[in-house]
Amino acid sequence: MNRFFGKTILITGGTSGMGLATAHRLVAEGAHVIVTGRTRARVDSAVKELGSNASGIVADAADLGAVEALMETVRDRHGQLDGLFANAGTGTFLPFENITEPDFDHGIDVNFKGVFFTVQRHCRYWRTEARSSSTPPGPSTGATAS
(Lines give C-alpha, C1' and ligand atoms only; values in the text may rest on other atoms or scores of the structure.)
Protein backbone atom coordinates (compact mmCIF):
# COMPACT_ATOMS: atom_id res chain seq x y z
CA MET A 1 0.00 0.00 0.00
CA ASN A 2 1.16 3.55 -0.72
CA ARG A 3 -1.38 5.64 1.21
CA PHE A 4 1.41 7.93 2.39
CA PHE A 5 3.53 8.06 -0.77
CA GLY A 6 5.22 11.45 -1.07
CA LYS A 7 4.28 12.46 2.49
CA THR A 8 6.83 13.57 5.09
CA ILE A 9 6.00 12.75 8.69
CA LEU A 10 7.92 13.61 11.86
CA ILE A 11 7.83 11.19 14.81
CA THR A 12 9.35 12.44 18.05
CA GLY A 13 10.57 9.59 20.21
CA GLY A 14 10.63 7.43 17.10
CA THR A 15 13.61 5.26 18.02
CA SER A 16 11.77 2.60 20.03
CA GLY A 17 8.40 1.27 21.08
CA MET A 18 5.23 2.71 19.60
CA GLY A 19 7.11 5.48 17.76
CA LEU A 20 9.39 3.03 15.94
CA ALA A 21 6.49 0.69 15.17
CA THR A 22 4.54 3.61 13.69
CA ALA A 23 7.59 4.64 11.66
CA HIS A 24 7.82 1.12 10.21
CA ARG A 25 4.17 1.20 9.21
CA LEU A 26 4.40 4.66 7.60
CA VAL A 27 7.56 3.74 5.68
CA ALA A 28 5.84 0.56 4.46
CA GLU A 29 3.01 2.76 3.19
CA GLY A 30 5.31 5.08 1.26
CA ALA A 31 6.06 7.95 3.65
CA HIS A 32 9.40 9.54 4.32
CA VAL A 33 9.67 9.41 8.10
CA ILE A 34 11.87 11.62 10.27
CA VAL A 35 12.48 10.10 13.69
CA THR A 36 13.93 11.82 16.72
CA GLY A 37 15.65 10.49 19.80
CA ARG A 38 17.95 11.76 22.52
CA THR A 39 21.13 9.98 21.39
CA ARG A 40 22.91 9.69 18.06
CA ALA A 41 23.33 5.93 18.52
CA ARG A 42 19.57 5.34 18.94
CA VAL A 43 18.66 7.64 16.06
CA ASP A 44 21.20 6.01 13.73
CA SER A 45 20.06 2.52 14.72
CA ALA A 46 16.40 3.35 14.02
CA VAL A 47 17.19 4.96 10.65
CA LYS A 48 19.27 1.93 9.62
CA GLU A 49 16.41 -0.37 10.64
CA LEU A 50 13.82 1.73 8.77
CA GLY A 51 15.78 2.04 5.52
CA SER A 52 16.12 4.64 2.81
CA ASN A 53 12.74 6.32 3.41
CA ALA A 54 13.81 7.44 6.87
CA SER A 55 16.05 10.07 8.35
CA GLY A 56 16.80 11.02 11.91
CA ILE A 57 17.57 14.01 14.07
CA VAL A 58 18.92 14.00 17.62
CA ALA A 59 16.58 16.10 19.79
CA ASP A 60 15.47 16.04 23.41
CA ALA A 61 11.78 16.94 23.73
CA ALA A 62 12.40 18.34 27.23
CA ASP A 63 14.82 20.95 25.87
CA LEU A 64 12.95 23.82 24.21
CA GLY A 65 16.16 24.94 22.47
CA ALA A 66 16.45 21.46 20.97
CA VAL A 67 12.79 21.60 19.90
CA GLU A 68 13.43 24.91 18.12
CA ALA A 69 16.60 23.53 16.48
CA LEU A 70 14.62 20.46 15.39
CA MET A 71 12.04 22.70 13.74
CA GLU A 72 14.74 24.61 11.86
CA THR A 73 16.47 21.41 10.75
CA VAL A 74 13.22 19.89 9.48
CA ARG A 75 12.42 23.12 7.61
CA ASP A 76 15.90 23.30 6.06
CA ARG A 77 16.02 19.62 5.04
CA HIS A 78 12.39 18.90 4.15
CA GLY A 79 10.44 22.14 3.83
CA GLN A 80 6.97 21.32 5.04
CA LEU A 81 5.51 18.40 6.97
CA ASP A 82 2.45 16.36 6.16
CA GLY A 83 2.13 14.95 9.65
CA LEU A 84 3.51 14.94 13.16
CA PHE A 85 3.35 12.19 15.77
CA ALA A 86 4.41 13.87 19.03
CA ASN A 87 5.30 10.58 20.66
CA ALA A 88 8.33 11.37 22.85
CA GLY A 89 7.58 10.50 26.44
CA THR A 90 9.13 9.41 29.69
CA GLY A 91 8.24 8.07 33.09
CA THR A 92 9.75 7.70 36.54
CA PHE A 93 9.30 4.15 37.73
CA LEU A 94 9.73 4.55 41.46
CA PRO A 95 7.39 4.17 44.39
CA PHE A 96 5.20 7.24 44.71
CA GLU A 97 6.87 8.42 47.90
CA ASN A 98 10.34 8.25 46.30
CA ILE A 99 9.63 10.53 43.33
CA THR A 100 11.54 13.79 43.71
CA GLU A 101 10.74 17.25 42.43
CA PRO A 102 13.40 16.93 39.67
CA ASP A 103 11.82 13.58 38.63
CA PHE A 104 8.41 15.25 38.47
CA ASP A 105 9.75 18.29 36.59
CA HIS A 106 11.47 16.10 33.99
CA GLY A 107 8.22 14.22 33.35
CA ILE A 108 6.33 17.49 32.88
CA ASP A 109 9.10 18.86 30.64
CA VAL A 110 8.95 15.87 28.29
CA ASN A 111 5.34 14.69 28.47
CA PHE A 112 3.54 18.01 28.58
CA LYS A 113 5.76 20.98 27.77
CA GLY A 114 7.74 19.09 25.12
CA VAL A 115 4.63 17.87 23.31
CA PHE A 116 2.92 21.26 23.50
CA PHE A 117 5.86 23.24 22.11
CA THR A 118 6.74 20.61 19.51
CA VAL A 119 3.23 20.85 18.06
CA GLN A 120 3.14 24.64 18.38
CA ARG A 121 6.49 25.19 16.68
CA HIS A 122 5.90 22.66 13.93
CA CYS A 123 2.34 23.51 12.95
CA ARG A 124 3.53 26.40 10.77
CA TYR A 125 5.48 23.87 8.66
CA TRP A 126 2.59 21.49 8.01
CA ARG A 127 1.31 21.47 4.49
CA THR A 128 -1.90 23.44 4.06
CA GLU A 129 -3.99 20.29 3.56
CA ALA A 130 -2.55 18.65 6.70
CA ARG A 131 -3.02 21.79 8.77
CA SER A 132 -6.62 22.28 7.71
CA SER A 133 -7.54 18.68 8.48
CA SER A 134 -5.72 18.76 11.84
CA THR A 135 -7.12 22.04 13.12
CA PRO A 136 -10.57 22.08 14.69
CA PRO A 137 -12.96 24.68 13.31
CA GLY A 138 -13.01 28.04 15.04
CA PRO A 139 -15.99 29.63 16.71
CA SER A 140 -19.07 30.16 14.61
CA THR A 141 -19.12 33.39 12.70
CA GLY A 142 -22.71 33.09 11.56
CA ALA A 143 -24.22 35.27 14.29
CA THR A 144 -25.03 38.87 13.53
CA ALA A 145 -25.03 41.81 15.90
CA SER A 146 -28.33 43.51 16.55
[X] with [Y], same ILVMFWY side-chain cluster at under 4.5 Å:
| X | Y | value |
| --- | --- | --- |
| L10 | L50 | no |
| F117 | I57 | no |
| F116 | L70 | no |
| I11 | V119 | no |

With sequence neighbours left out, which residue pairs that include part of [range] fulfil the ring pair (Phe, Tyr, Trp, His ring centres under 6.0 Å) condition?
| range | value |
| --- | --- |
| residues 38-77 | none |
| residues 4-54 | H32-H78 |
| residues 35-62 | none |

Side-chain ([X]) to main-chain ([Y]) donor-acceptor, under 3.5 angstrom:
| X | Y | result |
| --- | --- | --- |
| T36 | G13 | yes |
| T12 | A88 | yes |
| T118 | G114 | yes |

Ignoring hydrogens and geometry beyond distance, is a side-chain donor-acceptor pair present between T73 and D76 at under 3.5 Å? no
Any donor-acceptor pair under 3.5 Å linking the side-chain atoms of S55 with those of R77?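 Result is no, nothing qualifies.
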So, for [X] and [Y], which heavy atoms are closest and what is the spacing to 0.1 Å?
| X | Y | answer |
| --- | --- | --- |
| H122 | L84 | CB-CD2, 4.2 Å |
| L20 | A46 | CD1-CB, 4.0 Å |
| G56 | R40 | O-NH1, 4.4 Å |

Measure the spacing between [atom1] of [X] and [atom2] of [Y] and express it to the nearest 0.5 Å.
| X | Y | atom1 | atom2 | value |
| --- | --- | --- | --- | --- |
| D63 | K113 | CG | NZ | 9.0 Å |
| D103 | T90 | CG | OG1 | 9.5 Å |
| L81 | R75 | CG | CZ | 11.5 Å |

Quick one: side chain to side chain donor-acceptor pair (under 3.5 Å) partners of E29, sequence neighbours excluded?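 Only R3, R25 meet the side chain to side chain donor-acceptor pair (under 3.5 Å) criterion with E29.
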Is any side-chain heavy atom of [X] closer than 4.5 Å to a side-chain heavy atom of [Y]?
| X | Y | value |
| --- | --- | --- |
| R38 | T15 | no |
| N53 | V33 | no |
| T22 | L26 | yes |
| I9 | I34 | no |

What verdict does the side-chain contact (heavy atoms from CB on, under 4.5 Å) test give for E101 and D105, after you've listed the backbone C-alpha separation in whole Å, the side-chain angles of each residue and the deciding distance to 0.1 Å? CA-CA 6 Å; E101 186 175 0; D105 290 344; 3.7 Å; yes
Start with the C-alpha gap between V35 and V47, add the side-chain angles, then the distance that decides, and say whether side-chain contact (heavy atoms from CB on, under 4.5 Å) holds. CA-CA 8 Å; V35 295; V47 169; 4.1 Å; yes
Connected-component partners of I99 among ILVMFWY, side-chain separation under 4.5 Å: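 Same cluster as I99: L94.
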With A62, which residues qualify under side chain to side chain contact (heavy atoms under 4.5 Å, CB included), at least two apart? D60, H106, D109, V110
